[in-house]
Structures are given as C-alpha cells and as structure tokens.
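Hydrogens, waters and symmetry mates play no part in the numbers below; they use all other heavy atoms, side chains included.
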Amino acid sequence: MPESFFNKVYEVTRRIPRGRVTSYGAIAAFIGSPQAGRMVGWALNKSSSQTVFVPAHRVVNRNGLLTGKIHFPNYNTMKELLESEGIVIENDIIKDFELFFWQPE
DNA sequence: TTAGTGACTGTAG
DNA sequence: GCTACAGCCACTA
C-alpha cells in the first residue's frame, strides 16, 4: 500500500509510547503539513476501520483538550483510556500536558 | 467534476 | 484574553 497522508498518521500515532500523548499539529508537522491538523483527526477517526490498533486517544489538540472524545463510543472513553495509562485528566484537559507530550522523531 | 466538510493551528484584530 | 479567518489535504455526495 502506498505512503499516503493518513497512512503516515497511523504510523506516527502507533509510535506514541504508553502513557504519553501528542497533538494533531505535531503529527501533521512531522508528516510535512503543519496546517493540516484536521486531516490527522480525520484519519484517526477512520482508524477504527483499520485492522491495526491505533492509539487515537493519545492524540489531543495543542491545549491538551480531548477534542476527539466525541468520536469515541462514549464521551468518557478517551478519558478513561488515558487515565488507565497514568495520565491525569482535569475537566477534559490533560493535566501537565507538556510533561506527557511526546514529539515524533 | 465541483462543492462541502472536518478529532487543527497560527495569525490578526 | 477572546473571536474571526484563512490554510491545510482527503473524502463523500
């Protein structure tokens, strides 16, 4: 299969270590289109139809806000997944987001 | 084929 | 500090 935009999104997202998070913009920038963060979210949305597991819950917006939660089965699914990895969520926002932030390399 | 849409972000007012 | 707008790329109707 060809190296498409969202194919790279899956690849990068799967590299996110357990208990760490990153932002849509960081992934988009790593791929080469810093302004195409929307596409990242869109790709992750379709990730549920992929055969491989993609930790989409580890990707949030630049403020650490769980904007993607609305695309999970339940509004608290994303929060619970992150908390189960040791990340503290406060009002749908990741506490100490900078400390948990993971930059693609 | 064209138009509309989206899990975002940076800049400008 | 908050609101508005413009780019971003791929998909669906």
- Query: Would you call A/Ile27 and A/Thr13 a side-chain contact if the rule is heavy atoms closer than 4.5 Å?
  - Reply: yes
- Query: Which whole-number value in Å describes the distance from A/Phe6 CZ to C/dC8 C1'?
  - Reply: 16 Å
- Task: Using atom CZ of A/Phe5 as one end and atom P of C/dG7 as the other, report the distance to the nearest whole Å.
- Result: 18 Å
- Protein-proximity profile, nucleotides 7-13 of chain B, B/S/- by nucleotide at the 4.0 Å heavy-atom cutoff, equals BBBS---
- Message: What is the separation between atom NZ on A/Lys8 and atom C1' on C/dA10, rounded to the nearest whole Å?
- Response: 14 Å
- Query: Is there a donor-acceptor pair closer than 3.5 Å between any side-chain N or O of A/Asn91 and the backbone N or O of A/Ile93?
  - Reply: no
- Query: Would you say the side chain of A/His57 lies within less than 4.5 Å of the side chain of A/Glu80, judging by non-hydrogen atoms?
  - Reply: no
- Under 4.0 Å: is that the gap between some side-chain N or O of A/Ser33 and OP1 or OP2 of C/dC9? yes
- Mind checking whether A/Met78 and A/Val60 have side chains closer than 4.5 Å, heavy atoms only? yes
- Query: Can you check whether A/Thr22 reaches A/Phe101 side chain to side chain, under 4.5 Å on heavy atoms?
  - Reply: yes
- Taking all heavy atoms of A/Leu44 and all of A/Tyr24, pick out the closest pair and write down the distance. CD1-CE2, 4.0 Å
